[in-house]
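Let me begin by presenting the structure, written as structure tokens, before commenting on it.
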2 protein chains.
Amino acid sequence: MKLTLKDIAHSLGVSTATVSNAFSRPDQLSADLRERILGEAKRLGYRGPNATARSLRSGKTGTIALVLTERLQYNFEDPVATRFLHGVSEIFDQQNINMLLLPSRAEFYRNNTVDSLADGFVIYGPPRDSSVLERIVVRGKPTITVDFNLPEVRSLNIDNFHGARDAARHGLKAIENGPLAVLALRVLTESEVVGRIQDDDVLASPYESVSRRRLDGYRAALEETKRSLDNEWVWNVPESRYEYGYQAAREALMSNPRPKLLLCMSDRLALGAIAAAQDLGLNIPQDLKVIGFDDIATAAYQRPALTTVHQPQNEKGRQAAKMVLGLSEYTKDVLLEAKLIVRDSC
Amino acid sequence: MKLTLKDIAHSLGVSTATVSNAFSRPDQLSADLRERILGEAKRLGYRGPNATARSLRSGKTGTIALVLTERLQYNFEDPVATRFLHGVSEIFDQQNINMLLLPSRAEFYRNNTVDSLADGFVIYGPPRDSSVLERIVVRGKPTITVDFNLPEVRSLNIDNFHGARDAARHGLKAIENGPLAVLALRVLTESEVVGRIQDDDVLASPYESVSRRRLDGYRAALEETKRSLDNEWVWNVPESRYEYGYQAAREALMSNPRPKLLLCMSDRLALGAIAAAQDLGLNIPQDLKVIGFDDIATAAYQRPALTTVHQPQNEKGRQAAKMVLGLSEYTKDVLLEAKLIVRDSC
DNA sequence: TTGTAAGCGTTATCAG
DNA sequence: CTGATAACGCTTACAA
């Protein structure tokens, strides 16, 4: 048996409008009548206004959608993404907001008009297929992009350039003039394999990507010491995974001259790299120095503890949530600091 | 400018019903007309039927809700929960299902009629305030419970009893007749502190809880060797956290006689316990043996690698998703195996 | 194969 | 302070 506002109204001899007000706008009716209505509703087992009907009429859903990676799965795997969601959910918890998780793969949106399902959107990272953005970025609904930019849309980023530059500076000082290699994350747009960047590879990506900024940061530090970064010493890695870090580092460490420093664009890559180095019998930091990026939890736990660039993922999540809810103290684009944390690996 | 079905219908001189069919029931009209409608929609910038209106009418939302812990945050912190969500999202990814994350705290449901927001519910763990269940368990919407049971609702569990019993058997064989302690997770219903179970503490919980089953498993193994478990040697811990494991283990290890075996109801507790032991100068497994539960990723990585009971969280997530979507190969309650994995710590 | 029309359960507007 | 009534945008019998 399905109960509606009408049933309550009927049973009490009042109008549906009044019952609606009793639930949604308490100030619109006498406390007394409201009491009676709520009591009757409870007695009959009515649980409150139907959410879909309410949204259809009011245009509000009480839900914020997070547009994540191609496949949702990834977000429960990668500690960086998970930490971001942790921050977001802290604010949603406080504000009683429903959290809708959406993948960014285009196919998902073919039969799915999600823009009506949420009051706002947080787009975490650039979708591979940018047509998704056209379906989502609807005028009128608050939308913010995280880790990339879109014209006309507020963005939240961390300062990848300076974080990377500081990391590289620190590393370069430690190895002086020794050789180095970079494990770069998705710096080639379409490549799905681990490998050196070839001279003729194109480094451009459709958005000013996180990786690109980090690479530029590394470069800037090298230039300060009159060095430059040869593409040959940059490994492209398609995803932030331990195994890829292992593989790329192994290739790099078996090259001649053997790098004394590995600049890694994520901690997971760095952890894989350390394992590869250890398996080759190298000591860290004596034989090889490794610097990561992200500062995931294990970076501090593991031995040797990882020197890395801390990015405030938790705070980033909180900021993203506040921005989309209009609760942020900032009114424009936000750039959070990324700070070098020196531990044992360099 | 907001576009609706009507606008498309108008612009083409057909009825709204036909436009609706063009999007939702292609077999109801000629391929030719459909082509024309879709073309016009695209030209005008119409993105497809509004999801709220569609659900109001059809009763379907394309969304499955996961009712998680009190605060959503926790699920992005605890690797066990995260792994479960990983499994769930794998199936949702395949089936293009929207994933709605809901906290289980009662307050959230006061002004929120969520039952209309989703086509089905997965309730992961018993809510502290069971009134939430009344608001959610609606006849007609597929609902399944995970890690607990509810009358009339399909459930998914792992075999906690046998997993724990096997763990305890293995540990008891290793220490022969030595003393042991248990780090028990939320085995006291209301306690928020770490501490020994007092004789007069009540062990009952409103549901047959996971912890209770694990405790019974430990007990069963002890009884096989004619031993029994004194409450005094059971520490209650309010949440599965490293720090609590550390604290409880420290208390246990400073007691007399000092336990030779720690049976821990989660890996995070076990990892904390190992750290506490090491800080007390104990060697594992020589001086102390530790067995965990869950088999989280770090259990295998860390040194000494943790002996633990593997629970198939990923598969559990997949099963939960399949069950709620009616895609499961099982038709009744499901019980997954929990298997002892022997590594270095015992 | 296509069109007509009656809702789905609310909330907003406006009048009383 | 309360009540009629008209949307909200769509789906689905049923009729043509």
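Keep in mind that the numbers below use all heavy atoms, side chains included, and drop hydrogens, waters and symmetry copies. A note on names: the letters A, B, ... follow the listed sequences, proteins ahead of strands, and every chain is numbered from 1.
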So, using ring pair (Phe, Tyr, Trp, His ring centres under 6.0 Å) as the criterion, who are the partners of A/Phe23 when residues are at least two apart?
A/Tyr46
Going by the rule ring pair (Phe, Tyr, Trp, His ring centres under 6.0 Å), which residues pair with B/Phe92 if we only count those two or more places apart in sequence or in a different chain?
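Here no residue qualifies.
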Just to be sure I understand the geometry, which residues of residues 23-46 of chain B put a non-hydrogen atom under 4.0 Å away from DNA chain D?
B/Ser24, B/Arg25, B/Tyr46
Of all the choices, [options], which nucleotide is nearest to the side chain of [X] once you look at every atom?
| X | options | result |
| --- | --- | --- |
| B/Val14 | C/dG3, D/dT5, D/dT11 | C/dG3 |
| B/Ser20 | C/dT11, D/dT11, C/dT10 | D/dT11 |
| B/Thr18 | C/dG9, C/dT11, C/dG3 | C/dG3 |
| B/Ser58 | D/dC10, D/dT11, C/dT10 | D/dT11 |

Does A/Asp333 offer a backbone N or O that forms a donor-acceptor pair with the side chain of A/Arg154 under 3.5 Å?
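No: the side chain of A/Arg154 does not pair with the backbone of A/Asp333.
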Are the side chain of B/Thr113 and the backbone of A/Pro49 linked by a donor-acceptor contact shorter than 3.5 Å?
yes
Can [X] and [Y] be counted as having a side-chain donor-acceptor contact under 3.5 angstrom?
| X | Y | result |
| --- | --- | --- |
| B/Lys316 | B/Gln313 | yes |
| B/Ser30 | B/Asp32 | no |
| A/Asn75 | A/Thr69 | yes |

Mapping B/Ser15 and A/Thr4 onto DNA chain C by nearest heavy atom, which one lands closer to the 5' end?
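Closest to the 5' end, via its nearest nucleotide, is B/Ser15.
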Any donor-acceptor pair under 3.5 Å between the side chain of A/Arg57 and the base of C/dT11?
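Donor-acceptor pair under 3.5 Å: yes.
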May I have the distance from B/Leu5 (atom CG) to C/dG3 (atom P), rounded to whole angstrom?
13 Å
Report all interatomic pairs (protein N or O, nucleotide N or O of nucleotides 14-16 of chain C) with separations under 3.5 Å.
none

Among B/Asn21, B/Thr18, B/Leu12, which residue satisfies the side-chain contact (heavy atoms from CB on, under 4.5 Å) criterion with B/Leu33?
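In the set B/Asn21, B/Thr18, B/Leu12, the residue that makes a side-chain contact (heavy atoms from CB on, under 4.5 Å) with B/Leu33 is B/Thr18.
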DNA chain D: B/Ala17 or B/Thr52, which has the more 5' nearest nucleotide?
B/Thr52
Hey, does A/Asn21 reach any base, or is it just sugar-phosphate, or nothing, if we go heavy atoms under 4.0 Å?
nothing
Could you work out how much the helix from C/dT1-D/dA16 to C/dG16-D/dC1 bends, comparing the axis of its first five pairs with that of its last five, to 10°?
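End-to-end axis angle for the helix from C/dT1-D/dA16 to C/dG16-D/dC1: 30°, rounded to 10°.
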Residues forming a salt bridge (charged side-chain N to carboxylate O under 4.0 Å, His left out) with A/Asp119, sequence neighbours excluded
none
B/Phe76, B/Tyr124, B/Tyr74 screened by ring-ring contact (aromatic ring centres under 6.0 Å, His included) with B/Phe84, the one that passes:
B/Tyr124
